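All values reported here derive from a predicted model rather than from experimental measurement. We use all heavy atoms of the structure for the numbers below, so side chains are in, but hydrogens, waters and symmetry mates are not.
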Amino acid sequence: MHLLETRNLTVRFGGVTAIDNLSLTVGEGEIRGLIGPNGAGKTTFFNAVSGRYPSSGEIRVRDHVVSGLKPNEIVAQGLARTFQHVTLFKSFSVLKNVMAGCHLRSGYSFWGALLGTPRTRQNEADNERRAREILDFVGLGGLADETAANLPHGLQRAVGIAVALASEPQMLMLDEPCAGMNTAETRSMSDLIRRIRGNGTSIILIEHDMKVIMGICDQITVLNFGTKIAEGSPEEILRNTAVHKAYLGSAADAS
Amino acid sequence: MEAKSNMAAPRSSWRPSRRTALKAGAASLIGLSAPAIISGRAFSAPKTIKIGGAVPLSGPVAYWGISTMQGFVDGAAVINEAGGVVINGEPHMLEIINYDTKGETADARAATLRLVEQDKVKYVYSQAAASTVGMLQVTEPAGVLSIVACWGYLKLFGKDYPLHFRAEMSDYEQGFAYIPFMQEHYGKDSLKSAAFIGPDDQDGKDCNYSYQRLMKYYSIEDKGSEYFNWEDTDFYPIVAKTLRTTPDFIVTSPTPPGITGSIVKAARELGYKGPIASPAASETKTILEVVGELATDVVLPVTNVDPTTPSQVAIRDRFMKRFGDFNALAGNYSWWIYSLKAAFEAAGTADDPKAVAEALGNVVLEDTYCGKVAWAGEKSFGVKRQGVYDCYTTLIENGKARLADVRFPALPADY
Amino acid sequence: MKVEQGTAAAQADGKGNAAPPSLNRYAWAALFAFTLAYPAAVSFDNYLLHVGITIAFNVALAASMWLIWSLGLVSFAHAGFMAIGAYTSALLLTKLGWPMWIGMPLGAILAGAAAVAISLPLMRTRAVYFFMASWSVGEVIKRTIAYFDGLTGGWNGVFDILPPTIDLGPIQINFADRIAYYYLAVVICAIIVLCIYRINDSRTGMIHWSISENELLAEHIGINVFKHKVIGFTIACVFAAVTGALYAHYQTFISPKSFDIWKSEFALVHIIVGGLTTVGGPVVGAISLTVIDETLRATGPFRVILFGVILIATVLLLPGGLETIPGRIRRALRGRKSS
Amino acid sequence: MSFDEIPQMLVTGLSLGLMYALIAIGLTLIFGVMRIVQYGHGEMYMLGAFFLYYWTAKWGLPYWLGVAASASVIFVLGAILQQTLFQAVHGRNILYSLAIGMGLIFIFSSGGQIIFGTTVKGIPKFATGGILVMGGFLSYERIVISIVSASLVVGLWLFLQKTRTGMAIRAVSEDPETSALQGIRTRQIHWVAFGLGSALAAIAGCLMGTLLSIVPTMGFVATIKAFMIVIMGGLGSIPGALVGGIILGMIDSVVTTVISADIAIIMSFVVIFLILVFRPSGLFGQQWT
Amino acid sequence: MLLEIRNIRVHYDKIEAVKGVSLQLGKGEIVTLIGANGAGKTSILKAISGLVRPSAGEILYDGADITRRSPSDIVARGISHVPEGRRMFKLMSVQDNLRLGAYLIRDSKVIAEGLAWVYEHFPILKQKCNQLAGQLSGGQQQMVAIGRAMMARPRVILMDEPSLGLAPIIVDEIAAIITTLKQSGLSIVLVEQNAHLALKLADRGFVLETGSVTLSGKSADLLGNPEVIRAYLGA
């Protein structure tokens, strides 16, 4: 049983086919890299799987068909994601961002919230504890009360991941987590990704920084123009000339 | 004051004469409001009688509110200059306090509460139905005398509201003047049926009620009623629909003059030849401006546009001087305060609204802007609280207006 | 109308630097205490009590509209739902003799049902389009009421909507008394504000702001955005209906004109002037603008102009509204200390 | 309803729709370029009409010159308002521009009552009489005014398509940053578009004012109509404003004639609601986020 | 030096995107900025063209300080910017897009010459000149973007990721155009992720990492430098 499986996934915008009959499987506990030149359809793939874009074909999570579900239902199925551009509740504190993420897996009733019942207070306390745990886990424990908008870019990305982790996903889809980071930040991000996997969460990773991809992925899928052009271990991908050509540009041949 | 002079400034290059007048008007308004703010702390040398206005001074119906207020302000000044209200030999000065209602019911209620409860005013006046309704929620229980211009809402009028006076004639009273005139002018046989056009709100429905009673009284066939929205900008559709019923004449009330003009124009352009009567809320000049040459056979009761009698001319001149502005409506409303003065003097008190009300009901004035004025309605309403006065009917023919008829309404015996 | 919620929020001193909640709580307690003492403070001046009651209505309206705003939406259907509450309660009293104690909850339920039904299609629209669509809803409600004049009295409105009474043997209160009605209005208004405060302070509020802040992310962390929008909108409409019933029994007269677009617009103006990010905003905005409006009444024709000038001046000179004043003062003090 | 009323309804609806469209196009232009809602747009319409009133009725100057003068004066006024008030809230929450617009409504409509007086006024006519078109009566005045509004719509379209400034306006409303890269001074385009939009409203005010009558409080109704049309057609879309205007004009005309005016206005709100539900960004709108 | 950047810094609120970068561009030269996403390449271009204001440092063009000039002034001085993602005015025709490029040029003859130049170099655009720009393919849009920049008769062109999302064949075409531009005497600042392409085209290159230049030199040297390949492939 695969954790995530897509069968003949196709996404069209008007006349353009952004994802073309893509079939892909990701196993449990895997870190899967998704690479390809800009415009290859990587983010579109995330958007389709997370329910943001309508698609044809089939998407399954642990053999449950999730195609056609709304994003919030897909998250409930255990599939969380982050975004290419930093996407946070920017005026919230870091802690509150993560607590919002915890909402899905914690008890909530409207009336309880309104009346402030002991149970709700317990829930909120649990929630906050959970959120702080997650923040500690991603290494942001000291920044819980900062307003998200005031954090530097790299830390905002980490908050984004913390928010996604807060929904306790079985699989996390990371869209360029290292974009715009310096070497040290990138290293700690790679580290974080490995630790997340260590907790039993599978990961699909879109990343342009090849150091990251080659360093932490078990398997890599290469997309170009919405189709899969290669799949395999980092070493295999590095040797694949089709990949070279697609990814590094035509001039790569000449060099 | 700063704001006021800025407001007036752009006009300077256009018409300096009006600018000064305008300034004077604005200054008097500010002056009026000043005592309101420091009310109760005025000098106590001569006794004063406070009269309060809860009138629309802003908003879409400000036209009527401001006209009414002008009548009171001018009247109070004239009376005070002449030695004030003399009650039992002692002169009393009149003080006018005005609060804006925007022409809204709840706002009018608030303004009246302020007048009655804070300024301790015992005599109030108001204008237009919405403000009146708001005012009446307050005045009658508080034992405060109210004079208003309001049609309809008849259940708020009569025996149960003994302190409530309606100074302006409704279409119903006017009808007993202008319909006989029209019958004489056009011939009874050519006015066998009529149709009604009015605004889709309480005023429109009220006037429609008056209209229906009138048509019944004169046995004129009612061909139906149409209501327009205040948001409407084009009256072709509604006029076309009315004309489909082929009425002999059309009544538009209480349609504002601009819209009446548009209706007249649409009707003429659509080939309608019959007379159009616009009782209540109308005005000649605007209709002429809007309709131009096409304006013909428009019958406008109660608007003596060009003052004729000496007292009318005097009133106009004073208004022009004091406010820089005069319109026939303001002239119409100018008699209210004089009737109050007469009532104070007749009752011999200004402290007992009930006694004043009794006296006011019997006041008859001979020479106002509206000619002869009296209160009537004993049979219909149980109390003499409805103002009736000479109806000046203007007739527009081929783009020119002339005063065609002056008569005291021939009220039916059971009125 | 959720353009740049973030900016406004950031201006208003984000959550990070906000005053400690205890201070906040003191401010609310002081406000409530003042409200209770107000009648005595004005030596039971009936007119000033009337102003107090009007403020209570405006606060309740602005606060409930603000609840919708916390979802990132501006609803102009508010006056319409207020009308539903007012008319239900008024007609039940005048036609069937049922007191306000029954009419008000029934009006609220009716408004709630209508709000759920209408928000299913309404929530498809966004931003300015939502604004216009909700405006249409409000106008249609108002004009439909006017249209069925047999039942509702049409444009003539409904009269003699008597204030309620309480008769519990020893305790008898007739709310026709201004002081009694003042406390009734204040208590109901306080309950509404308290509910909104609690909602905003609880998880629900966090959900609302997360939707307002970033609907995309909210969906992707498992929040059912549509459901919460419908619920939030409905609650606010129910509050508007309760206020409407309260309003009707106080004014004793209502007509469709009482619920025209300006009712919604003034509520919106109260929010903008007061501030967009906390419940305090609409409360402070409604209080101060109502007082200003009443004070300006005596300026006659200049009343509306001055109101407009004050409105524009506040928007331009005090970005973020009145609620930012404490933060500004604090910053100014801190600035002086540090320098 | 009889068959011969149909032409009258259509003719009236069309001419009405064209004038509505004229007000709405100004509003949509301002939104497109600045992304703010000029809620006080109707006040420009009112002021334009009053300018023409003083021009013709008071000073006795020629009518069409007055329309042009009114448009220029209101253009300047609009540009000044943009520079002094609206530029300050540009890019901020749209509610702030809404509040400023409301303030302008209060100031202009009430100030207008003090300056112009509260009486209803009529702008002198430039033509009388009319002709029958397929059984529908059309006054010459209405024909001329419809032609003028139609040609203004076409003229504006040509202006936006063909001229340098027009292209700049379109460019800024599509993408301000890239426009700046082409050398366009976006701030300048802001006040130009704002002035232009206001001038269009002023012209509409002149034409409508001639056909009907004018009062200082008439602006808000125009704002409501314009707002309804612009949202129905899609914010920022000029064809949308044209189509929206004609839809509204037709509803006003046809439903009023066939049923009644109160149903007509309920109907127009219902139609807007339905359009927005099925096309959440209006008929021709793009999703502005 | 035609264009000289001295130690500029760019902040977005509290985030520093460019941390003191200096570079020079000679007449008729192509200089490329390469590096990963978020390295600050686009911010540098935006600082040059006036879209963002540098918080420190200065930009000299032709001897004059243009650091805080408005974008339109900078365009008028002869620096055109081909933005990332091509940024078509999608609702306008190809021809209108091109005309907008010549917004500051009032002489219709010059505009006509410019159009002729564009149509000569991109014949496909002539066929599609009345189509809406939004309907073109990515490569054609890139041609419009370059043509639009050329319409302003610039001396310097700033190009941001011209190969982004284009098929290899099209990339070759774009590369050929860039070479042509250089031959006609233009100076170009080229920002690219496609390092091989960029370094093949450019005379000199700068490798950026998180807002700072970590490596610079002649393109030929950089092409052979394993450090660059490491930066890109991590291998």
Side-chain angles (χ1 to χ4, degrees), chain A residues 46-47 50-52 70-77 79-83 86-116 120-121 123-124 127 143-150 160 163-164 166-169 173, chain C residues 2 4-18 20-21 67 70 72 191-192 194-232 234-235 238-239 276-278 320:
Chain A
F46 272 22
N47 283 335
S50 64
R52 193 176 165 199
K70 286 199 277 180
N72 57 306
E73 294 163 330
I74 296 217
V75 188
Q77 293 287 330
L79 216 62
R81 69 169 290 186
T82 68
F83 295 85
V86 175
T87 301
L88 290 176
F89 305 120
K90 290 207 171 167
S91 69
F92 287 15
S93 70
V94 168
L95 179 68
K96 211 170 162 201
N97 265 288
V98 181
M99 283 175 70
C102 291
H103 166 70
L104 181 70
R105 302 290 176 201
S106 69
Y108 161 69
S109 91
F110 175 80
W111 294 108
L114 180 64
L115 299 172
T120 306
R121 265 179 273 151
N123 269 336
E124 291 301 318
N127 233 10
L143 296 169
D145 294 327
E146 285 292 320
T147 303
N150 295 341
V163 172
S167 66
E168 300 176 17
M173 308 168 78
Chain C
K2 46 165 294 186
E4 278 196 43
Q5 170 52 33
T7 321
Q11 276 163 358
D13 216 3
K15 204 66 182 173
N17 326 332
L67 182 64
S70 73
I191 292 174
I192 289 176
L194 182 71
C195 284
I196 292 169
Y197 183 88
R198 289 286 319 152
I199 288 174
N200 186 58
D201 208 33
S202 72
R203 182 86 64 80
T204 320
M206 188 174 77
I207 292 169
H208 281 193
W209 284 112
S210 51
I211 292 172
S212 150
E213 182 97 351
N214 198 325
E215 199 170 324
L216 177 71
L217 181 58
E219 267 192 319
H220 280 93
I221 58 171
I223 291 171
N224 190 337
V225 171
F226 183 77
K227 187 179 95 183
H228 282 284
K229 275 185 173 177
V230 171
I231 293 175
T234 305
I235 293 169
V238 166
F239 286 154
L276 299 167
T277 59
T278 63

- request: Taking the side chain as every heavy atom from C-beta outward, state whether C/W209 and A/F92 have any pair of such atoms under 4.5 Å apart.
  value: yes
task: Measure C/L194 against the heavy atoms of chain A and call it side chain, backbone, both or neither at under 4.5 Å.
output: neither
message: side-chain contact (heavy atoms from CB on, under 4.5 Å) for A/T87 and C/N214? Distances and angles first, verdict last.
response: CA-CA 8 Å; A/T87 301; C/N214 198 325; 3.1 Å; yes
- prompt: Taking every heavy-atom pair that is under 4.5 Å apart, which of A/T82, A/V94, A/N123, A/N127 has the most such pairs with chain C?
  reply: A/N127
message: Working to the nearest 0.5 angstrom, can you tell me the gap between C/H220 NE2 and A/S167 OG?
response: 11.0 Å
- request: Report yes if some heavy atom in the side chain of C/I221 is under 4.5 Å from a heavy atom in the side chain of A/V163; otherwise report no.
  value: yes
query: For the candidates C/S210, C/A218, C/G205, which exhibits the highest count of non-hydrogen atom pairs separated by less than 4.5 Å from chain A?
result: C/S210
field: Portion of A/A80 that has a non-hydrogen atom of chain C nearer than 4.5 angstrom
entry: neither
query: What pair of heavy atoms forms the shortest contact from C/E213 to A/L88, and how long is it?
result: CG-O, 4.5 Å
- prompt: Rounded to the nearest 0.5 Å, how far does CE of C/M206 lie from CD of A/E124?
  reply: 6.5 Å
message: To the nearest 0.5 Å, what is the distance between SG on C/C195 and CG on A/L115?
response: 8.5 Å
message: Quick check on C/I235 against chain A: is it the side chain, the backbone, both or neither that has a heavy atom closer than 4.5 Å?
response: side chain
field: Point-to-point distance, once rounded to the nearest 0.5 Å, from CZ of C/F226 to NZ of A/K70
entry: 7.0 Å
task: For A/A113 and C/T204, work out which heavy atoms get closest and say how close.
output: CB-OG1, 3.7 Å
- request: Measure the OG-CH2 distance between C/S202 and A/W111 for me, rounded to the nearest 0.5 Å.
  value: 11.5 Å
message: If I take atom CG from residue A/L114 and atom CD1 from residue C/I196, how far apart are they, to the nearest 0.5 angstrom?
response: 10.5 Å
task: Report yes if the side chains of C/R203 and A/S106 come closer than 4.5 Å at any heavy-atom pair, otherwise no.
output: yes
- request: Return the set of residues passing side chain to side chain donor-acceptor pair (under 3.5 Å) with C/H228 (not counting sequence neighbours), or none when no residue passes.
  value: none
